[in-house]
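Note sheet for the following structure.
Every chain is numbered from 1 and lettered A, B, ... according to where its sequence line falls, protein lines coming before strand lines.
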Amino acid sequence: MSRIPTALPRAGDDAGPVTGRNEAARNQRLRIRVEPRSAPPVPAKDGGALPSAGGSAMPLEELSRDERLYRMRHSAAHVMAEAVLELFPEAQFAIGPPIDNGFYYDFLLPRALTPEDLPEIEARMRTRMKSNVPFEHSEMPRAEALRHFAAQPFKLELIEGIADDTVSLYRQGEFLDLCEGPHVARTGDVPPFKLTSVAGAYWRGDEKRPMLQRIYGALFESQDELDDYLGRLEEASRRDHRKLGRELELFTTNELIGAGLPMLLPKGATIRRLLEEYILEQERQAGYQHVYTPVLGKVELYKTSGHWEHYKDGMFPPMQLEHEELVLRPMNCPHHILIYQSTLHSYRELPIRIAELATMYRYEKSGVVGGLSRVRAMTLNDAHIFCTPGQAKAEFAGVMRMVERAYRTLGITDYAYRLSLRDPDDHEKYVQDDEIWEVGERVIREAMAELGLPFYEAPGEAAFYGPKLDIQLRDILGREETVSTIQVDLHLPKQFDLAYIGEDGAHHRPVIIHRGVISTMERMLSYLIELYAGAFPAWLAPVQAMVIPIADRHGDYAHEVLGELRTAGFRAEVDARNDRMNAKIRHAQLQKVPYMLVVGDREQDARAVAVRTRAGEDLGTMPIFQFIDRLRDEVSTSQDPEVAGPDVGGRRQSEGAG
RNA sequence: GCCGGCGUAGCUCAGUGGUAGAGCAGCUGUUUCGUAAACAGCAGGUCAUCAGUUCGAAUCUGAUCGCCGGCUCCA
């Protein structure tokens with residue numbers, strides 16, 4: 001098992017007092033990275049590197065890379081705060097921790113910053129660094145610190161949170177900040193950096209508290225590394241599924257439909273259909289039974305399930321009818337439970353696995369929706385496994401194996417398992433019943449142990465009804481996103497008073513395992529678009545081959561080729577536009593079509609096609625049937641991951657794509 | 001939901017108070033071409049929406065909708 005002791009930021013540290021449970025989770029996440037990725041490291045979105053336990057006296061060269069970066073980023077944040085205070089003497093400053101890829105500092109300023117302000121702040125920072133003044137550590141009695149920061153309410157609040165009688169401070173030049181360090185020795189030790197953006201951020205991450213202005217900076221030890229990072233930012237925007245979705249005609253949005261309600265165009269719909277067909281077949285083989293249930297239900301149903309109490313904010317408001325209130329379902333579990341309940345069940349029938357490609361509607365806040373990855377209408381590859389408590393572990397393990405297999409087929413390699421637990425202090429969000437949490441957690445832990453799969457823990461990330469095992473995918477920038485999730489639920493069986501008849505003839509309560517393997521079609525599609533940069537493997541490509549007639553007289557033959565391909569079950573098109581062959585090739589290339597089949601006089605005479613790949617490779621001329629065999633082999637190989645050999649494990653190095 | 005930025009043709013973008021522009025894509029015609037862009041012409045916009053300021057608004061102001069970067073939240 002890969003758990004590594006948690007080392008939360010210390011109180012008094014810049015990064016410390018603000019740490020809410022999410023930030024704590026992020027900090028934790030960093031420490032459990034299981035398999036080191038080969039260079040360059042793409043750390044998680046937030047959290048920063050490990051601070052050294054020692055003081056700042058140790059020379060930088062003797063520290064680990066993570067510790068050096070931690071100090072440099074932290075120090076850069078201080079220098080930035082100094083520069084901002086110089087620009088806005090009335091500014092209040094809050095916290096400025098190092099984070100992955102750089103640092104930030106939060107301020108309350110008399111006016112809104114714009115990106116145009118960043119060069120000015122950067123210039124002032126560079127002046128500070130040139131002067132190469134030392135970072136000096138000192139301590140001060142609490143009372144004195146409270147006086148010193150009398151005009152800085154955020155600092156006062158941080159001091160209030162420190163238990164000691166003395167507080168730790170760092171000074172560089174005229175700038176004195178509440179801080180536990182450590183720092184680099186002098187401002188001149190801060191390496192290349194670039195201020196990247198300004199954004200709003202709540203004080204202490206609490207939406208009920210003031211909105212501050214946060215300035216983000218990127219910082220690495222060398223200009224090359226910084227350039228590399230900035231290059232990755234560009235690569236990420238090239239791969240952005242919203243951009244590719246438009247260019248490759250995968251999906252579209254429209255103001256008239258509303259935010260978070262994208263529409264899949266034929267090509268995007270083709271990919272989704274392929275994903276659905278794949279997973280439905282996997283489930284059929286694994287003994288799942290597929291059902292259809294409505295997307296609406298009475299409010300009563302969700303009161304019974306507990307959604308109304310714990311998940312109301314995520315639901316669209318009810319529709320008032322004459323004698324009842326209906327809501328759009330935010331989850332599918334209640335409906336599947338009613339299917340289970342529609343008849344009496346014997347222990348001999350269990351486990352019963354009820355599955356559905358089920359559409360649900362969630363009222364996501366307006367500021368968070370976008371593209372396909374965060375939507376208000378989503379279709380989940382959902383299933384609920386009703387089993388005996390004794391079967392839960394094996395069923396859970398079976399789901400994990402299905403996830404591993406599906407990911408291998410989809411080419412997803414960069415992910416981590418997260419055990420999402422409740423925040424025991426949050427009584428509003430989570431159902432209050434210690435036993436269901438303990439039992440659920442135990443099932444997950446034991447199953448993961450038997451499978452030998454590593455995971456990290458995240459308190460405060462559970463579903464309201466139980467703990468879950470989330471599969472966290474990482475994008476090219478290292479940002480994590482929950483996709484597949486498996487949950488062990490003892491709450492809903494209780495709420496609905498579910499039962500099966502046991503060997504002893506008495507009623508027993510089943511356990512429900514909720515799970516999504518592909519997860520929501522929308523989010524998985526957005527991830528795959530970015531993973532493959534739009535260049536889908538042949539089995540998923542919306543158009544697998546583009547037939548390109550060289551001149552008009554080859555049009556009939558091109559359509560014959562098209563017919564052969566379609567008869568063989570492939571997705572192909574003919575580019576019959578009045579364009580030169582070069583233009584057609586370019587067009588197919590930009591559309592990332594895997595194969596271009598050029599047909600001219602020679603091919604027509606030989607009933608052949610000249611095959612070019614989107615990588616620019618010329619495979620030469622071959623008979624149509626030979627190309628069809630080749631494509632068939634390619635597709636069946638990618639859809640059967642066992643051919644590539646079993647490869648169970650957590651995070652693996654991404655091979656990239658495109 | 002909150003902070004900030006943005007919204008001009010299908011796409012990418014010019015246009016800062018005086019009658020709306022380009023390239024690509026589209027359509028039509030010419031060309032019939034051998035592995036990443038042939039040539040010519042045509043067509044295409046109540047400048048997101050609504051209200052206001054002004055003799056006059058794409059341009060200034062406000063509200064609403066949508067998009068983007070974050071925060072909070074999340075599959």
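Spacing between atom CG of A/L372 and atom P of B/C67 amounts to 12 Å, rounded to whole angstrom units. In this structure, CG of A/L250 is placed 16 Å from C1' of B/G10, rounded to the nearest angstrom. Residue A/Y557 contributes atom OH, which lies 19 Å from atom C1' of B/U32 at whole-angstrom precision. Remark: P of B/C3 and CD of A/E207 are 12 Å apart, rounded to the nearest angstrom. Note: CZ (A/R272) to P (B/A75) measures 18 Å, nearest angstrom. For the pair A/I215 CD1 and B/C3 C1', the computed distance is 14 Å after rounding to whole Å. Remark: P of B/U72 and CH2 of A/W203 are 13 Å apart, rounded to the nearest angstrom. In this structure, A/L212 places its CG atom 13 Å from C1' of B/U72, rounding to the nearest Å.
Both A/T485 and A/T114 sit near RNA chain B, but only A/T114 has its closest nucleotide nearer the 5' end. Each of A/A462 and A/A112 was assigned the nucleotide of RNA chain B with the nearest heavy atom; the assignment lying further toward the 5' end belongs to A/A112.
In this structure, B/U35 makes no Watson-Crick or G-U wobble pair, since no nucleotide meets both defining distances under 3.5 angstrom. With a cut-off of 3.5 Å on both pairing distances, B/U19 has no Watson-Crick or G-U wobble partner at all. B/G4 is paired with B/C68 under the Watson-Crick or G-U wobble criterion, all donor-acceptor distances under 3.5 Å. Under the Watson-Crick or G-U wobble criterion, with both distances below 3.5 Å, B/G62 is paired with B/C50. With a 3.5 Å ceiling on both atom-pair distances, the Watson-Crick or G-U wobble partner of B/G41 is B/C27. B/G56 makes up no base pair with any nucleotide shown, lacking Watson-Crick or G-U wobble contacts both under 3.5 Å.
Backbone-only engagement by A/K468 is indicated by non-hydrogen atom pairs under 4.0 Å involving sugar-phosphate atoms exclusively. The residue A/R577 sits close only to the backbone: its heavy atoms come under 4.0 Å of sugar-phosphate atoms, none of a base. Within 4.0 Å (heavy atoms only), A/A201 reaches sugar-phosphate atoms of the nucleic acid but no base atom. At the heavy-atom level, A/S373 lies under 4.0 Å from base atoms of the strands shown. Among the protein residues, A/V368 comes within range of the nucleic acid bases, having at least one heavy atom under 4.0 Å from a base atom.
Counting distance only, with no hydrogens placed and no angle test, the side-chain atoms of A/T520 and the base atoms of B/A75 include a donor-acceptor pair under 3.5 Å. One N or O donor and one acceptor, one from the side chain of A/R523 and one from the base of B/C74, sit under 3.5 Å apart.
With both ends at atom P, the span from B/A9 to B/U49 equals 10 Å, rounded to whole Å. If you take atom P in B/U19 and the same atom in B/U53, they sit 22 Å apart, rounded to whole Å. Between B/G26 and B/C65, the distance separating the two P atoms is 36 Å to the nearest Å. If you take atom C1' in B/C67 and the same atom in B/G34, they sit 44 Å apart, rounded to whole Å. Nucleotides B/G10 and B/G44 are separated by 10 Å at their C1' atoms, to the nearest Å. When the P atom is used for both B/G4 and B/U16, the distance is 26 Å, rounded to whole Å. B/C39 and B/C24 are spaced 9 Å apart, taking the P atom of each and rounding to whole Å. The separation of B/A36 from B/G23, taken at their P atoms, amounts to 26 Å, rounded to a whole angstrom.
Remark: A/R204 does not engage A/D206 in a salt bridge, criterion side-chain N to carboxylate O under 4.0 Å.
The A/R374 side chain lies nearest to B/C73 when the options are B/C65, B/G26, B/C73. Considering only the side chain of A/E364, B/C74 comes nearest among B/C74, B/U72, B/G69.
Within 6.0 Å of CD in A/E90 there are more than 12 heavy atoms belonging to other residues, nucleotides or ligands. Crowding of A/N254 atom CG: a count of heavy atoms from other residues, nucleotides or ligands under 6.0 Å exceeding 12. Within 6.0 Å of the CZ atom in A/R209, the count of heavy atoms belonging to other residues, nucleotides or ligands exceeds 12.
Dashed line: the shortest gap from a side-chain N or O of A/R246 to OP1 or OP2 of B/U12 is under 4.0 Å. The side chain of A/Y216 contributes an N or O atom lying less than 4.0 Å from OP1 or OP2 of B/C71. OP1 or OP2 of B/G4 has not a single side-chain nitrogen or oxygen of A/R111 nearer than 4.0 Å. The side chain of A/T482 contributes no N or O atom lying less than 4.0 Å from OP1 or OP2 of B/A75. An OP1 or OP2 oxygen of B/G69 is reached within less than 4.0 angstrom by a side-chain nitrogen or oxygen of A/R242.
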| request: Summarise protein proximity over nucleotides 33-38 of chain B in one line of letters, 5' to 3': B for base, S for sugar-phosphate only, - for none, counting protein heavy atoms closer than 4.0 Å. | output: BBBBBB
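In this structure, the ring of A/F88 has its center no less than 6.0 angstrom from the ring center of A/F107.
Using a 4.5 Å heavy-atom cutoff, the side chains of A/R577 and A/H587 are in contact.
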| task | Go through A/E522 and A/R272 one step at a time and tell me if the side chain to side chain contact (heavy atoms under 4.5 Å, CB included) criterion holds. | result | CA-CA 8 Å; A/E522 292 78 11; A/R272 170 169 160 178; 3.9 Å; yes
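Checking A/T359 against A/T379 by side-chain atom types alone, a donor-acceptor pair falls below 3.5 Å.
Nearest heavy atoms, A/W203 versus A/A94: CZ3-CB, 3.5 Å. Of all the heavy atoms in A/Y430 and A/R422, the pair that sits closest is CG-CB, 3.7 Å.
Figure legend: A/R376 and A/Y363 shown as a cation-pi pair, the cationic atom lying under 6.0 angstrom from the six-membered ring centre and within 45 degrees of its axis.
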